[in-house]
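Working notes, beginning with the structure itself.
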There are 2 protein chains.
Amino acid sequence: MAKEPAPKLPASTRRSPCPVACSLDIVGDRWTLLIIRDLLLGRSRFKEFSASPEGIPTNILSERLVRLRRSRIIEQIPADDGSKRRAYQLTEKGEALRPLLEALRDWGLTWEKGTRAALTPIPRRRASTAQ
Amino acid sequence: MAKEPAPKLPASTRRSPCPVACSLDIVGDRWTLLIIRDLLLGRSRFKEFSASPEGIPTNILSERLVRLRRSRIIEQIPADDGSKRRAYQLTEKGEALRPLLEALRDWGLTWEKGTRAALTPIPRRRASTAQ
DNA sequence: TTCATTACTTGCATTTTGCAACCATTATTA
DNA sequence: TAATAATGGTTGCAAAATGCAAGTAATGAA
């Protein structure tokens with residue numbers, strides 16, 4: 001990871017106690033929610049996030065994954081392909097962002113011409129269900 | 001306004017046709033949705049946005065207001081205090097962001113300790129209802 | 001053991017942010 | 001009416017974040 005982005009985001013560094021502002025402190029940038037989107041779509045590996053059409057730079061992706069793990073929105077699990085590599089998956093806290101992503105999707109579909117649905121409801125996967 | 005931020009945000013400058021990515025191109029930063037929050041709470045003047053506890057810098061606020069008008073999310077109307085000054089209000093497209101803000105609020109309230117509700121449902125105001 | 005892939009890190013140029021100061025109108029007051 | 005204050009911004013600049021290309025360490029495959 002490139003640079004330490006503050007130890008744990010303690011409540012004292014928040015801009016205000018407003019839950020909207022607080023949520024934006026955590027997921028309010030151009031890339032973080034795209035990673036969440038990919039996870040909701042079933043993607044789980046660094047390479048898969050990197051391959052998404054928006055083309056997130058690898059240094060940004062790497063830093064965001066660290067930040068998301070610190071915020072307990074994602075966790076690392078053993079990859080289900082038998083290799084030693086690890087995969088990412090949403091925690092319960094991360095899964096709870098689904099309505100937010102759906103709201104973003106619905107607004108975009110309704111008000112911006114030329115967008116096409118990408119975030120369809122997919123079956124939830126739960127931790128330790130390595131299937 | 002400080003610097004022209006691209007004429008109209010034509011579809012061709014989008015990172016992808018994904019409606020989530022497209023929405024984030026428009027409202028995906030740390031400040032824009034706080035302005036929308038304030039508008040949903042009934043605030044309508046530059047000074048009121050500026051006075052919110054998160055303390056948005058005035059140059060950022062100014063640039064975001066221009067951008068939001070370009071995206072037809074807000075519009076300027078005559079202030080309802082009889083003065084020559086103008087106020088901002090949400091368009092229908094902007095009001096349609098309400099579920100998104102509610103999702104942000106709910107997630108913050110549930111998962112981040114120490115946040116307090118700020119975005120409560122308030123009666124809608126419609127354009128040209130200068131009351 | 002060599003090569004390819006994955007999952008990153010590093011360096012650097014460009015862009016955005018944040019802060020403080022300043023300025024032009026509009027409104028208030030004396 | 002003149003002076004003063006408040007509103008709604010700009011401007012300049014330092015610091016931080018972003019984006020791109022290139023490099024690297026640790027697997028995994030042949």
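Owing to the predicted nature of the structure, the values given are computational and were not obtained by experimental measurement.
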Check nucleotides 28-30 of chain D for protein N or O atoms closer than 3.5 Å to its own N or O atoms and list the pairs.
unit_1: dG28(D); atom_1: OP1; unit_2: Lys84(A); atom_2: N; d: 2.2

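Taking atom CG of Asn59(A) as the reference point, atom P of dA13(C) lies 15 Å away to the nearest angstrom. For the pair Arg69(A) CZ and dA7(C) P, the computed distance is 13 Å after rounding to whole Å. Distance CZ (Phe46(A)) to C1' (dC8(C)): 5 Å, rounded to an integer number of Å. Rounded to whole Å, atom P of dG9(D) lies 7 Å from atom CD of Gln76(B). For the pair Arg67(A) CZ and dA16(D) P, the interatomic distance rounds to 14 Å; values are reported in whole Å. When rounded to the nearest whole Å, the span between CG of Leu61(B) and C1' of dG8(D) equals 9 Å. Between the P atom of dT18(D) and the CG atom of Asp29(A) lies a distance of 6 Å, rounded to the nearest Å. The interatomic distance linking Glu63(A) (CD) with dG19(D) (C1') rounds to 14 Å, in whole Å.
Rounding to the nearest 0.5 Å places CG of Asp106(A) at 10.0 Å from CG of Leu100(B). Taken to the nearest 0.5 Å, the CG atom of Leu68(A) stands 10.0 Å off from the OH atom of Tyr88(A).
A sub-4.0 Å separation between OP1 or OP2 of dG19(D) and a side-chain N or O of Arg30(A) is present. For Tyr88(B) and dT7(D), the shortest distance from a side-chain N or O to OP1 or OP2 is not below 4.0 Å. Trp31(A) has no side-chain polar atom (N or O) that falls below the 4.0 Å cut-off from OP1 or OP2 of dA17(D). Distances shorter than 4.0 Å separate some side-chain N or O of Lys47(B) from OP1 or OP2 on dT7(D).
Comparing atom distances between the Arg45(B) side chain and each of dT17(C), dG8(D), dT11(D) picks out dG8(D) as nearest.
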*Test log, rule side chain to side chain contact (heavy atoms under 4.5 Å, CB included), inputs Leu40(A) and Glu95(A)*: CA-CA 8 Å; Leu40(A) 286 169; Glu95(A) 286 276 358; 3.9 Å; yes
_Checking Glu112(A) against Lys93(B) for the salt bridge (Lys or Arg N to Asp or Glu O under 4.0 Å) test, could you report, in this order, the C-alpha distance in whole Å, the side-chain angles of both residues, the deciding distance, and whether it holds?_
CA-CA 10 Å; Glu112(A) 292 297 319; Lys93(B) 182 178 179 180; 2.7 Å; yes
*Assess whether salt bridge (Lys or Arg N to Asp or Glu O under 4.0 Å) is satisfied between Arg30(B) and Asp29(A), documenting all intermediate values.*
CA-CA 6 Å; Arg30(B) 285 160 43 84; Asp29(A) 71 275; over 6 Å; no
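Side-chain contact, Gln89(A) with Ser44(A): no donor N or O sits under 3.5 Å from an acceptor N or O.
The cationic group of Arg15(A) lies under 6.0 Å from the six-membered ring centre of Trp31(B) and within 45° of the ring axis, placing it in a cation-pi geometry.
Comparing Glu48(B) and Ile60(A) by the nucleotide of DNA chain D that holds the closest heavy atom to each, the one mapping nearer the 5' end is Glu48(B). In terms of position on DNA chain C, the residue among Arg64(B) and Thr58(B) whose nearest nucleotide sits closer to the 5' end is Arg64(B).
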